[in-house]
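These figures come from a predicted structure and were not determined experimentally. Proteins get letters first, then strands, A, B, ... in listed order; numbering begins at 1 in each.
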There are 2 protein chains.
Amino acid sequence: MTPAAAAVDLLSGRERLDVIHREIRRRICTLEYAPGEALKETALAEEFGVSRTPMRQVLQRLEFESLVESRRGVGTLVTRVEFDALREVYELRMKLAEMIGELSPRAPTAEDIAAMEVLEARCRALRDTQDSREFAALNLDFHECLMTLVGSAPLRETLSRQFHRTARIWLSWDEALDWAEEIDRFEREIGELLVALRVSDMRSVGYAHRNHISMSLLRIRRHVERSRTGEG
Amino acid sequence: MTPAAAAVDLLSGRERLDVIHREIRRRICTLEYAPGEALKETALAEEFGVSRTPMRQVLQRLEFESLVESRRGVGTLVTRVEFDALREVYELRMKLAEMIGELSPRAPTAEDIAAMEVLEARCRALRDTQDSREFAALNLDFHECLMTLVGSAPLRETLSRQFHRTARIWLSWDEALDWAEEIDRFEREIGELLVALRVSDMRSVGYAHRNHISMSLLRIRRHVERSRTGEG
DNA sequence: GTTGCGCCAGATGTGTACAACTGACCCCGA
DNA sequence: TCGGGGTCAGTTGTACACATCTGGCGCAAC
């Protein structure tokens, strides 16, 4: 029995499928599965200790989320992230982030703040290691932590969906990034959020996150333009 | 062979499933399937001339869209629309509507305007009939027409998803509504959109739609409060 | 050497039998 | 009459066999 199968075989029904879904999504968002790579239902089913039928449910859910695309006779291909689509997603995410403090905002608890402080510490520890896998994991965990602060369920779902759709873009430029600067930026964002959280100012949380997305898009645009110039 | 099966059996693969999905979604949004009603995979599969496997795909997609909920040993239940959830959805839709003219707006063509004029005519014709089925169909068609004007794909998907989630709320108050007033309001909204479309002012389109959603939420709130008062 | 055709391993899509579970009905006893 | 427990018809969840299709490889003709 594979480790993955051992981890999920004691769960039952819907929970098991949720765990498998999260795990495969994690692999896609951390580039363990590269864009364009063909996943195979049979291999995944065997790894997780289930038959093809529930594994296909998971993959279809990922297809609705635009993370994979099933093609008959070929495989289930991990999607690529095109810049135009990414720009539209980021522009939407910016607007959605503004709403965090406006739509049914939830007052942050001491636990929320503590969880965010743990992330801040992990980010600080990351400075020297340049571990891109841990960076990816931190990014996903940060998002999840932020989502717990969103009071409006439909807003939370929408934010989460759009986030995962493009989360892997950073890792694909591994060497091209100024690592220290990226860590600095990330740590600064978490710091800003913590300041706002400690005074229960969810509007500031939303706007700070919005600004982070905005600046990310600017950097992506610069990076893409530089690449195109280099190619032409 | 049932009529539904005859209509879809010449399509193949993904298209066939899309057609079935749209049809069942339509039935839910027009209250042909009442909230709480248990749909049966076997019966639906037989009606559409497919086996349970693809029909389950469709139902799972509807479950992701929060329109049904599968429960083992019971059936696939059409969800109910609670007011708190509805309020959150409407508040999000209001914000999303504002973005129609801001995120990648698309210039309306003569065809777009013509299509909207057809809807206006249908709305006018509806005034005397009080045909709630046609009202529901018109509402869905209007939404679809509006969505063709949205340039940003992620925004369009999100708007559509949130719309369908609550679209059936109107029909459940069939007798309680002032029919003539509802038709008037609807016709006025289409009229406002047409004015904006004719001058290619997509911002006005978005804001007009936002206002329509806002006033709808107000009326829903009034209706709910009146019902609760009446009950208590 | 190049091109084109055909075969085929292997992938996803579909149908079906069986397992697991739920809710209601019925019957029996107090 | 009412309460409780067992039985069972009917439903969704799972596994698997088969149908259908794709892309690549190899061979033959030119």
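Protein chain A contacts DNA chain C over a range whose 5' and 3' limits, counting nucleotides with an atom under 4.0 angstrom from a non-hydrogen atom, are C:dG10 to C:dT14.
A:Arg71 comes within 4.0 angstrom of sugar-phosphate atoms only, judged by non-hydrogen atoms across all strands, and of no base. Backbone-only engagement by A:Gln57 is indicated by non-hydrogen atom pairs under 4.0 Å involving sugar-phosphate atoms exclusively.
One atom, CE of A:Met55, and another, P of D:dT14, lie 11 Å apart when rounded to the nearest Å. Following rounding to the nearest Å, B:Leu44 (CG) and D:dT12 (P) show an atom-to-atom distance of 9 Å. Put simply, CD on A:Glu46 is 18 Å from P on D:dT14, counting in whole angstrom units.
Here the CD-CG distance, from A:Glu144 to A:Asn139, works out to 12.0 Å after rounding to the nearest 0.5 Å.
The cationic atom of B:Arg87 (NZ for Lys, CZ for Arg) does not lie both less than 6.0 Å from the six-membered ring centre of B:Tyr90 and within 45° of the ring axis.
You'll find the ring centres of B:Trp179 and B:Phe135 inside the 6.0 Å limit.
Residues forming a salt bridge (Lys or Arg N to Asp or Glu O under 4.0 Å) with B:Arg219 (at least two apart in sequence, or on another chain): B:Glu182. Annotation: salt bridge (Lys or Arg N to Asp or Glu O under 4.0 Å) contacts of A:Glu102 (sequence neighbours excluded): A:Arg203, B:Lys95.
Mapped onto DNA chain D by nearest heavy atom, A:Val50 and B:Gly75 fall at different nucleotides, with B:Gly75 at the one closer to the 5' end. Residues B:Leu17 and A:Lys40 each lie close to DNA chain C; by heavy-atom proximity, the contact nearer the 5' end of the strand is made by A:Lys40.
Pairs engaging residues 34-58 of chain B under the salt bridge (charged side-chain N to carboxylate O under 4.0 Å, His left out) rule: B:Arg27-B:Glu47, B:Glu41-B:Arg52, B:Glu41-B:Arg56 [sequence neighbours left out].
Less than 4.0 Å separates DNA chain D from at least one heavy atom of each of the following residues of residues 32-39 of chain B: B:Leu39.
Here the closest heavy-atom approach between residue B:Thr109 and residue B:Asp112 is recorded as N-OD2, 2.8 Å. A pairwise comparison of heavy atoms in A:Leu149 and A:Met116 identifies CD1-CE, 4.4 Å as the closest pair. When all heavy atoms are compared, the tightest approach of A:Ser104 to B:Glu91 is OG-OE1, 4.2 Å.
The residues B:Arg222 and B:Glu225 are annotated as not salt-bridged, no charged nitrogen and carboxylate oxygen being separated by less than 4.0 angstrom.
B:Arg106 places a side-chain N or O within 3.5 Å of a backbone atom of B:Thr148 that can act as its donor or acceptor partner.
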Short heteroatom pairs, N/O only, protein and nucleotides 16-19 of chain D, under 3.5 Å:
residue : atom : partner : partner atom : Å
D:dC16  : N4   : A:Thr53 : OG1          : 3.2

